[in-house]
A.B. asks: 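Below you will find the structure I want to go over with you.
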Amino acid sequence: MPESAVQPVERQLPTEEARDLLALVRELVQREIAPHAAQEEADGRFPRELFTLLSESGLLGLAYDSAFGGGDQPYEVYLQVLEELAAARLTVGLGVSVHSLACHALAGYGSKEQRAEHLPDMLGGGLLGAYCLSEPSSGSDAASLRTKAVRDGDAWVLSGTKAWITHGGIADFYTVLARTGGEGARGVTAFLVPGDAPGLTAAAPEKKMGMKGSPTAQLHFDGVRVGDERRIGDEGQGFAIALSALDSGRLGIAACAIGVAQAALDEALTYATERRQFGRPIADFQGLRFMLADMATQIEAGRALYLSAARLRDAGRPFSKQAAMAKLLCTDAAMKVTTDAVQVLGGYGYTADFPVERYMREAKVLQIVEGTNQIQRMVIARHLAGPDSR
């Protein structure tokens, strides 16, 4: 392979500190993640010890306030770290994104006392979080959730089932959205629930086509009791908190998608420059060269869009529309790029001897999680044309 065929991504970073951080992440990826990714995914193994290392290295709270153990990094830097992690192993990149999502409610809406008590351990104390919004009967229609929280003195009793929970059954804490009032979005409240709370159990992990190392499970709340001091925000504010978290979380998914797509392009480019047919590398053939060019262009476009949205967020400006656009474009691009990477490798691409078949299977879920791409189109259209008049 020509030495210049695959190069590290050229990143636009705002500070020298950020450049040092990305260099640290790349070193960690090469030493701790990439060598084990394929085998651990095949074995369905979740690398919990790696998340402890990420926490100790300050990589689980990058976008949060250093006063509570965070890294004080702008979102545009945090997302590029996610991209590097996801390129090595999506289970890790997506896991960091989900953990950050689980911290969002407390960091943004918790009281000063709540943040001081819980955030340091959540951001840098080795804990792992999960986010509990979806249910068996409420996915895209999240406002119809049925899990209930009933006040009992100075506590709340939670009953119901959450579904599709990343880190379900292994997380140390869960940010849970539950119904405390009437129907609809205004009756929902957020709670911080310990992972070992009595009455909280997890079903067997789902058997998935990809991301087999990342546990996804239903959670059952059977009279789980939490004190009112673990309620986040006001009663009835939970759905607004959830939507706020999802805007940021969608950017995390977008960055992860570009990481997977970049990994697939790198593998396809390596193969195309080494594989020879008709006496020359297959990368010499125009049909294949055009595929590689299209793959690279989609990746660059997706990266530019998610970074543009992140910079709006960092500037304190509205970014909900751009977050939905980034999630839509980046995950659709990842599906197309990974599928094309399999095609570049031909029959070898369809075997587990090369990672592109894994990338293709993993890319699919990114079009579904944290709001399907059909929902993203609805969000974008609502910003453009206003609410549906029906």
Side-chain angles (χ1 to χ4, degrees), residues 17-18 21 25 48 50-79 81-82 85 92-133 149 155-156 158 165-168 170-178 188-197 200 219 224 226-235 237-249 251-252 310 313-314 316 370:
E17 180 187 10
L21 174 62
V25 170
R48 182 55 194 264
L50 176 61
F51 279 82
T52 301
L53 175 61
L54 293 174
S55 180
E56 293 171 349
S57 303
L59 297 178
L60 290 191
L62 284 175
Y64 290 107
D65 193 334
S66 60
F68 300 106
D72 275 336
Q73 289 297 318
Y75 225 67
E76 67 166 303
V77 173
Y78 158 69
L79 291 178
V81 169
L82 274 191
L85 294 173
V92 178
L94 187 69
V96 173
S97 181
V98 167
H99 175 85
S100 184
L101 184 69
C103 296
H104 181 277
L106 189 68
Y109 297 87
S111 67
K112 183 177 179 180
E113 294 74 20
Q114 285 176 322
R115 295 198 299 271
E117 180 179 358
H118 298 293
L119 271 182
D121 285 339
M122 291 164 63
L123 297 178
L127 301 186
L128 184 67
Y131 184 76
C132 302
L133 177 61
W156 296 85
L158 278 65
I165 307 304
T166 301
H167 303 156
I170 66 169
D172 298 298
F173 65 91
Y174 298 94
T175 296
V176 180
L177 286 302
V188 177
T189 302
F191 297 90
L192 182 66
V193 179
D196 60 355
L200 174 58
L219 289 179
V224 173
V226 295
D228 188 55
E229 72 277 3
R230 283 183 171 267
R231 172 176 49 83
I232 303 172
D234 298 328
E235 289 183 44
Q237 193 181 11
F239 198 71
I241 292 173
L243 292 183
S244 172
L246 287 174
D247 280 342
S248 298
L251 292 181
R313 185 189 188 279
D314 288 333
E370 296 197 26

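Keep in mind the model is a prediction, meaning the values are calculated, not measured.
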A.B. asks: Atom CG in Asp121, atom CG in Leu127: separation rounded to 0.5 Å?
C.D. replies: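 Result: 5.0 Å between the selected atoms.
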A.B. asks: Write down the atom of Pro194, the atom of Val226, and the distance for their closest heavy-atom approach.
C.D. replies: CD-CG1, 4.3 Å
A.B. asks: Rounded at 0.5 Å granularity, tell me how far CG in Leu60 sits from CG in Leu123.
C.D. replies: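 Taking CG in Leu60 and CG in Leu123, the distance rounds to 8.5 Å.
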A.B. asks: Do any N or O atoms from the side chain of Ser55 and from the backbone of Gly126 form a donor-acceptor pair under 3.5 angstrom?
C.D. replies: yes
A.B. asks: Kindly give the heavy-atom pair with the smallest separation between Ala18 and Val77, and that separation in Å.
C.D. replies: CB-CG2, 3.8 Å
A.B. asks: Search all heavy atoms of Val224 against all heavy atoms of Ala197 and return the closest pair with its distance.
C.D. replies: CG1-CB, 3.8 Å
A.B. asks: Take Glu370 and Tyr131 through the side chain to side chain contact (heavy atoms under 4.5 Å, CB included) test and state the conclusion after the steps.
C.D. replies: CA-CA 10 Å; Glu370 296 197 26; Tyr131 184 76; over 6 Å; no
A.B. asks: Give me the atom names and distance for the closest heavy-atom approach of Ala149 to Ala178.
C.D. replies: CB-CB, 3.9 Å
A.B. asks: Name every donor-acceptor pair, under 3.5 Å, that has one atom in a side chain of residues 239-246 and the other anywhere in the protein, sequence neighbours excluded.
C.D. replies:
unit_1, atom_1, unit_2, atom_2, d
Ser244, OG, Tyr109, OH, 3.4

A.B. asks: State the OH-CZ distance between Tyr64 and Arg115, to the nearest 0.5 angstrom.
C.D. replies: 12.0 Å
A.B. asks: Between Leu119 and Asp65, is a side chain to side chain contact (heavy atoms under 4.5 Å, CB included) present by the stated rule, with each step listed?
C.D. replies: CA-CA 10 Å; Leu119 271 182; Asp65 193 334; over 6 Å; no
A.B. asks: So does Glu17 have more than 12 non-hydrogen atoms from other groups sitting under 6.0 Å from CD?
C.D. replies: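 For Glu17, atom CD is not crowded (no more than 12 foreign heavy atoms under 6.0 Å).
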A.B. asks: When rounded to the nearest 0.5 angstrom, what is the spacing between CG in Leu82 and CG in Leu94?
C.D. replies: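 With rounding to 0.5 Å, CG (Leu82) is 9.0 Å from CG (Leu94).
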A.B. asks: Can you name the nearest heavy-atom pair linking Phe68 to Ala116, along with the distance?
C.D. replies: CE2-N, 3.7 Å
A.B. asks: Measure the CZ-CG distance between Arg48 and Leu128 for me, rounded to the nearest 0.5 Å.
C.D. replies: 4.5 Å
A.B. asks: Run the numbers on Leu59 and Val96 for side chain to side chain contact (heavy atoms under 4.5 Å, CB included), then give the verdict.
C.D. replies: CA-CA 8 Å; Leu59 297 178; Val96 173; over 6 Å; no
A.B. asks: Does the pair Leu62 and Leu21 meet the rule for a side chain to side chain contact (heavy atoms under 4.5 Å, CB included), with working shown?
C.D. replies: CA-CA 10 Å; Leu62 284 175; Leu21 174 62; 4.0 Å; yes
A.B. asks: Please check: side-chain N/O of Gln114 versus main-chain N/O of Glu229, any donor-acceptor pairing under 3.5 Å?
C.D. replies: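 Such a contact is found between Gln114 side chain and Glu229 backbone.
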A.B. asks: Distance from Leu158 atom CG to Tyr174 atom OH, nearest 0.5 Å?
C.D. replies: 13.5 Å
A.B. asks: I'd like to know if the side chain of His99 and the backbone of Met122 have a donor-acceptor N/O pair within less than 3.5 Å.
C.D. replies: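 Present.
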A.B. asks: So do the side chains of Thr175 and Leu192 get within less than 4.5 Å of each other, counting heavy atoms only?
C.D. replies: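 Side-chain contact under 4.5 Å: yes.
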A.B. asks: With no hydrogens and no angle check, do the side chains of Ser248 and Arg313 hold a donor and an acceptor under 3.5 Å apart?
C.D. replies: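 Short answer, yes.
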A.B. asks: What is the minimum heavy-atom distance between Leu106 and His118, and which atoms define it?
C.D. replies: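 Smallest interatomic distance, heavy atoms only, reads CD2-CB, 3.5 Å.
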